[in-house]
Amino acid sequence: MPLSVSQLSIYGERLTSLVVLYLPRLLAALVLLVIGWWLIGWASRLVSAATSRLDVSLSSFLSSMFSIALKVLLLISAAGMAGFGTTSFVAILGAAGLAVGLALQGTLANFAGGVLILIFKPFTVGDVIESQGKSGTVQAIQIFNTLLLTPQGDTVILPNGATSNGVIVNKAHPQRALVEIQLELDAATDLDALRRQALPMLGKDAQVLPDPAPEVMLLSLKPGATMTVAFRAYTAPGQEDATRNRLMEKLQQLFAQPAKKS
């Protein structure tokens with residue numbers, strides 16, 4: 001059935017009222033999107049420049065997260081300005097963010113730990129550290145993990161969350177590491193004679209530092225039985241295992257000398 005002139009007039013008036021009501025809102029939302037998008041790009045470049053001294057991966061990640069978060073807020077603001085209901089959308093977005101956060105809480109903890117390590121610098125690339133029962137040279141500090149190279153040539157991957165919250169022993173700052181060898185000897189052993197033989201031998205090793213000087217110390221004594229003697233020397237960080245192995249061989253040769261002479 002064709003529409004009458006009066007009905008067309010009513011629809012025309014309604015359409016006109018809708019255009020008058022929503023067109024300014026749409027134009028304002030469009031202007032907000034254009035200006036806001038440009039401002040977000042400018043702010044993202046500032047964040048990228050401000051974080052340029054951090055790790056390259058971390059700097060890129062931070063600037064990307066900053067840009068995405070602002071763009072989402074901009075789109076929600078523009079939709080609300082245009083007259084669209086955003087309450088349900090915000091609720092859904094919040095629930096999704098909560099679910100993702102719970103699912104990735106371990107990863108987020110590692111990311112936060114990586115940021116703390118890069119900001120406060122308890123260690124840097126090249127330092128020799130001990131953490132979570134592992135020791136080695138720091139090869140890289142990534143967003144979620146820290147890579148260690150052990151003296152045995154293994155690559156150890158430490159999660160940044162546990163590393164930043166745990167005990168970290170940085171062996172690079174003192175520029176020396178203790179090498180201690182404990183031996184059980186006969187209680188009748190002459191310690192002065194032992195020092196005269198062992199200390200020059202320890203000091204001649206190429207990796208042993210002259211300061212502090214090597215030491216031979218009595219740790220415990222069982223009268224008439226045995227005593228525990230510690231042979232101590234200092235070396236450069238990362239050289240502990242190799243130095244300990246060489247010194248143990250030299251001590252074995254030292255104690256084997258009387259047997260060879262007999």
Side-chain angles (χ1 to χ4, degrees), residues 113 117 120-139 145-262:
I117 291 172
F120 294 105
K121 298 185 183 298
F123 56 84
T124 58
V125 174
D127 287 355
V128 179
I129 69 168
E130 182 176 342
S131 178
Q132 302 181 60
K134 302 297 181 180
S135 179
T137 303
V138 179
Q139 295 296 298
N145 303 298
T146 294
L147 304 184
L148 295 185
L149 180 64
T150 67
Q152 293 77 25
D154 299 327
T155 298
V156 178
I157 302 174
L158 300 177
N160 286 335
T163 301
S164 62
N165 291 322
V167 176
I168 301 172
V169 180
N170 193 329
K171 301 181 180 180
H173 293 305
Q175 296 301 316
R176 64 174 183 260
L178 174 65
V179 175
E180 182 177 275
I181 303 171
Q182 297 184 10
L183 297 178
E184 294 285 340
L185 302 178
D186 190 279
T189 302
D190 188 342
L191 282 178
D192 291 335
L194 180 61
R195 289 189 177 96
R196 287 194 297 268
Q197 290 179 301
L199 290 178
M201 180 271 295
L202 296 175
K204 288 180 181 178
D205 188 89
Q207 297 299 326
V208 171
L209 301 176
D211 185 24
E215 298 176 303
V216 177
M217 303 182 64
L218 178 64
L219 298 182
S220 64
L221 176 64
K222 296 180 181 178
T226 61
M227 61 181 179
T228 303
V229 178
F231 300 83
R232 294 178 177 175
Y234 289 89
T235 186
Q239 300 293 327
E240 301 96 322
D241 291 339
T243 303
R244 181 180 292 104
N245 292 337
R246 285 197 313 275
L247 294 183
M248 283 193 296
E249 290 182 4
K250 292 181 179 181
L251 287 172
Q252 189 277 333
Q253 295 171 4
L254 176 65
F255 289 111
Q257 286 178 4
K260 291 181 179 179
K261 292 179 181 180
S262 60

_Just verifying a value: how many Å separate N165 CG and S131 OG, rounded to the nearest 0.5 Å?_
10.0 Å
Output a table of donor-acceptor pairs, distance under 3.5 Å, between side-chain atoms of residues 208-227 and any protein atom two or more places apart or on a different chain; print 'none' if there are none.
| unit_1 | atom_1 | unit_2 | atom_2 | d |
| --- | --- | --- | --- | --- |
| S220 | OG | T228 | OG1 | 2.9 |
| T226 | OG1 | E184 | OE1 | 3.4 |

*asked:* For a side chain to side chain contact (heavy atoms under 4.5 Å, CB included) check, start with the C-alpha distance between D205 and K250, then their side-chain angles and the critical distance, and finish with the verdict.
replied: CA-CA 10 Å; D205 188 89; K250 292 181 179 181; 3.2 Å; yes
*asked:* Can you tell me how far apart OG1 (T146) and CD1 (I157) are? Round to the nearest 0.5 Å.
replied: 10.5 Å
*Would N145 and L158 count as a side chain to side chain contact (heavy atoms under 4.5 Å, CB included) if you check the C-alpha gap in whole Å, the side-chain angles of each, and the deciding distance to 0.1 Å?*
CA-CA 5 Å; N145 303 298; L158 300 177; over 6 Å; no
*Looking at CE of M248 and CG of L183, how far apart are the two atoms once the value is rounded to the nearest 0.5 Å?*
9.0 Å
*Would you check if there is a donor-acceptor pair between the side chains of T163 and Q132 at a distance under 3.5 Å?*
yes
*Tell me, please, which residues at least two apart from Q252 pass side chain to side chain contact (heavy atoms under 4.5 Å, CB included).*
A256
*Supply the atom-to-atom distance N170 CG to F123 CZ, rounded to the nearest 0.5 angstrom.*
8.5 Å
*Evaluate the criterion side chain to side chain contact (heavy atoms under 4.5 Å, CB included) for residue pair E240 and L178; output intermediate values, then yes/no.*
CA-CA 7 Å; E240 301 96 322; L178 174 65; over 6 Å; no
*Which value, rounded to the nearest 0.5 Å, describes the distance between I129 atom CD1 and K134 atom NZ?*
13.0 Å
*Mind checking the OG1-CG spacing from T189 to L191? Nearest 0.5 Å is all I need.*
7.0 Å
Please tabulate, one pair per line, all N/O donor-acceptor pairs under 3.5 Å involving side-chain atoms of residues 230-238, not counting sequence neighbours.
| unit_1 | atom_1 | unit_2 | atom_2 | d |
| --- | --- | --- | --- | --- |
| R232 | NE | E180 | OE1 | 2.3 |
| R232 | NH2 | E180 | OE1 | 2.9 |
| T235 | OG1 | Q207 | O | 2.7 |
| T235 | OG1 | T243 | OG1 | 3.4 |

*Given the rule in the side chain to side chain contact (heavy atoms under 4.5 Å, CB included) test, do V138 and L148 qualify, once you have shown the distances and angles that lead to the verdict?*
CA-CA 5 Å; V138 179; L148 295 185; 3.7 Å; yes
